[in-house]
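First comes the structure, then the notes that go with it.
As a basis for the values below, the full set of heavy atoms in this structure was taken, side chains included, without hydrogen atoms, waters or symmetry mates. Sequence lines set the chain letters: A, B, ... in the order given, protein chains first and strands last, and positions in each chain run from 1.
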Amino acid sequence: MLDYENLLNNEQFDAVTAEDGPLLVLAAAGTGKTRTLTYRVAYLVEHGVPAENLLLLTFTNRAAKEMLERANSLTGNAISSLWGGTFHHVCNRMLRKAADRIGFQRDFVILDRDDSCKLIEQCINSITRNKKDFPKKNVIASMIGMAANRGCGIESVVEGQLDSLKVDPSEIVAVARMYAERKNELGMMDFDDLLINGLKLLKEHQFVREFYQEKFRHVLVDEYQDTNRMQAEMVDILAARNRSVMAVGDDFQCIYSWRGANFANIMDFPTRWPDCRIIKLERNYRSAPEILDVANASIRGNAEQFRRYPKELRAVRNSRRKPSFYLLYDGEEQGIAVSGLIRRYLEDGYQPKDVAVLYRAHFHVVGLEFHLRNIGVPYVVTSGVGVFELAHVKDVISFLRMCEFQTDYLSFNRLLGLLSGVGEKTIEKLWAKLGGKFDVTSTQDRETLLGLLRPAAREQWQHIDRLMGTYHLPSGDTISGPDVLDRFLEVFYRGYMARSFDNPEDREDDLRELANQLRKSASVREFLQEVSLLTNVDQEAMGIDGDKNNAVHLSTVHQAKGLEWPVVIIIWAVEGMFPSSRSMAENDDDTEERRLFYVAVTRARDDLVLCAPSMRYTRDGGAFQCKPSRFIKELPKGLLSERYGFRRY
DNA sequence: GTTGGGAGAATTTTT
DNA sequence: TTCTCCCAAC
């Protein structure tokens with residue numbers, strides 16, 4: 001039995017050992033939120049709750065993995081049967097068992113962002129007459145997503161953005177409808193559908209609902225402040241029977257409201273669960289007091305919110321030195337300053353992996369990479385595109401999908417499109433002639449397809465076709481996933497990469513990693529059903545890029561959430577970039593940006609550096625002044641040590 | 001119908 | 001600077 005009393009502080013101990021019943025843990029940054037959750041899991045398991053009766057919901061795969069690993073080692077590997085993961089993951093898992101109840105196949109395909117954009121584009125093309133003025137597919141996609149996550153109709157989203165759009169709103173509504181219909185016909189779900197349909201399943205099917213209500217004696221939710229309406233509702237339903245729900249979160253760190261996250265959920269939790277206990281964690285073990293002073297002062301700028309659940313980060317660590325603020329001439333000087341600072345930190349004994357550079361948006365980092373390369377510091381950028389969204393990875397996955405599942409138009413489309421001389425129209429015709437299906441196990445389908453292709457394409461497809469034939473052997477055996485992937489490379493894809501990409505070797509490395517992942521998972525099928533839920537944030541955790549372990553981290557603030565580094569450098573802390581003028585234009589409200597700043601600041605353990613160049617250049621050669629961020633200006637005097645220009649540090 | 005080249009536009013945050 | 005779209009040539 002773990003010695004909880006000595007391993008935890010008083011508040012953490014209260015939360016971990018709380019009796020059954022609703023519990024809201026307000027855990028400010030760096031106060032041991034993960035620790036509390038993992039010990040809670042361990043505590044419950046040690047006190048006789050079977051792990052399969054626990055549900056642990058997280059916001060990212062990374063958080064899930066981290067917590068499960070830690071809880072697992074605390075309990076001596078006793079939690080393998082625990083359900084844990086993102087909301088999307090858990091919905092996926094429930095739907096794989098029961099999707100047929102709501103009109104889907106259990107092996108439905110998940111559309112990732114790219115897939116759904118393509119589908120939306122098709123809808124746009126078939127509905128709208130003048131494509132010129134019509135919003136781009138990405139815009140429509142985010143409108144549809146917004147509607148889904150807010151739980152409102154597409155109409156009201158369109159209405160809200162009407163002045164910036166120059167088109168007939170009814171056309172947008174029509175596109176959204178058509179997209180929904182197309183998805184239905186294809187039997188596919190996008191990310192939002194996983195939540196929508198997971199919830200639908202629970203609401204409409206008493207048997208399913210009661211099964212899970214019974215099963216999950218304890219529901220634990222991480223990052224509760226970032227849940228949207230659907231997610232909160234799902235938690236409420238799942239916990240309704242046993243009433244043992246533990247929501248952990250920090251309203252100061254709600255940074256996903258643009259995605260439908262609604263921190264009213266955390267504010268109203270005590271209303272929805274009137275007998276809930278509230279425990280506050282305020283002792284911060286992470287950061288030096290001078291850093292916490294900045295964080296505390298900054299979040300007070302959100303006056304209204306601050307009144308509701310006032311929290312003050314209280315330092316446990318000893319005093320160090322004040323965070324510094326560099327006012328720089330321009331991005332160039334910032335690059336020199338940042339790389340110079342990093343070099344000095346390395347001389348002082350820090351490792352590259354101890355340092356992170358954070359920024360508001362991906363494109364803010366472009367100028368900096370050059371300088372880091374210059375001084376020869378290893379670095380990793382958590383880029384915007386995930387491994388599983390890369391074109392070559394998706395190509396190969398399409399091939400695997402076609403091998404494994406019978407009819408999947410999307411994969412068919414993607415794979416056939418790789419052949420030379422085959423484009424969109426040809427594919428449509430082929431698909432129609434095949435009768436709207438392609439079953440890889442049917443010799444007839446395979447022969448028909450081969451016969452329909454024009455010679456050049458047939459020549460290429462033959463090899464793939466033969467390979468598919470050996471995947472499903474009459475004996476019922478299949479070649480292993482990694483092997484079939486290898487063969488695919490050999491007979492077709494390596495050649496394709498060589499003539500289509502300028503960096504085929506790099507891409508082949510990605511594919512080799514994909515094969516490794518495949519080898520680790522239980523079956524090809526299972527891997528394919530999960531793969532679209534994996535994102536770039538998880539890649540390091542999964543071992544891709546594993547050789548870059550000791551490197552400076554360049555990351556957006558969003559992706560840095562939940563992480564910490566001894567040294568954190570925030571770049572482009574200027575008006576218009578952080579806070580971002582785009583996000584401000586949408587809702588005329590800087591509170592979420594301020595929370596984002598709070599998140600950024602509280603990532604730092606020892607040292608925090610804020611950089612604000614005074615000049616920004618536009619692509620057409622123009623330049624304009626920018627002012628340091630309001631989040632710096634509004635701080636009380638004396639919290640930062642101010643430095644001007646890089647030559648003076 | 002497909003493909004590739006060239007001109008033009010454009011940059012938030014992500015499960 | 002990179003991505004996207006459009007058009008002209010196969």
Among the nucleotides [options], which one has an atom lying closest to any side-chain atom of [X]?
X      : options                : value
A/K429 : B/dG1, B/dT14, B/dT15  : B/dG1
A/F191 : B/dT15, B/dT12, B/dT14 : B/dT15
A/K137 : C/dC5, B/dT2, B/dT15   : C/dC5
A/Y256 : B/dT14, B/dT2, B/dT12  : B/dT14
A/T426 : B/dT14, B/dG1, B/dT15  : B/dG1

Do the side-chain N or O atoms of [X] get closer than 4.0 angstrom to the phosphate oxygens (OP1, OP2) of [N]?
X      : N      : answer
A/H558 : B/dT15 : no
A/S142 : B/dT12 : no
A/H362 : B/dT13 : yes
A/Q559 : B/dT13 : no

What is the separation between atom [atom1] on [X] and atom [atom2] on [N], rounded to the nearest whole Å?
X      : N      : atom1 : atom2 : value
A/D192 : B/dT14 : CG    : P     : 16 Å
A/N138 : B/dA10 : CG    : P     : 13 Å
A/F501 : B/dG4  : CZ    : P     : 12 Å
A/Q460 : B/dT2  : CD    : C1'   : 13 Å
A/R113 : B/dT12 : CZ    : C1'   : 11 Å
A/N149 : B/dT14 : CG    : P     : 15 Å
A/F59  : B/dT14 : CZ    : C1'   : 8 Å
A/M577 : B/dT13 : CE    : C1'   : 14 Å

| Relative to the 5' end of DNA chain B, which residue comes earlier, A/E593 or A/R499, by the nucleotide with the nearest heavy atom? |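 Comparing both residues, the 5'-ward one is A/R499.
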
| field | 5' precedence on DNA chain B between A/T58 and A/V422 (nearest-nucleotide basis) | value |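 Closest to the 5' end, via its nearest nucleotide, is A/V422.
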
| said: Is a donor from one side chain sitting under 3.5 angstrom from an acceptor on the other, for A/Y179 and A/D190? | reply: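 A/D190 and A/Y179 do have a side-chain donor-acceptor pair below 3.5 Å.
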
Mind checking [X] for me? I need base, sugar-phosphate or nothing, with any heavy atom below 4.0 Å counting as a touch.
X      : answer
A/F87  : nothing
A/L419 : sugar-phosphate
A/V557 : nothing

| field | C1' atoms of B/dT12 and C/dC5, separation to the nearest Å | value |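 The answer is 23 Å between these two C1' atoms.
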
| task | Write down the atom of A/S398, the atom of A/S411, and the distance for their closest heavy-atom approach. | result |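 Nearest pair, atom of A/S398 first, then A/S411: O-CB, 3.6 Å.
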
| message | For A/H558 and A/Y256, I'd like to know if the aromatic rings sit close, meaning centre-to-centre distance below 6.0 Å. | response |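 Under 6.0 Å, so yes.
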
Kindly compute the distance separating [atom1] ([X]) from [atom2] ([Y]), expressed to the nearest 0.5 Å.
X      : Y      : atom1 : atom2 : result
A/L610 : A/F578 : CG    : CZ    : 9.5 Å
A/C91  : A/D192 : SG    : CG    : 11.0 Å
A/Y359 : A/Q559 : OH    : CD    : 7.5 Å

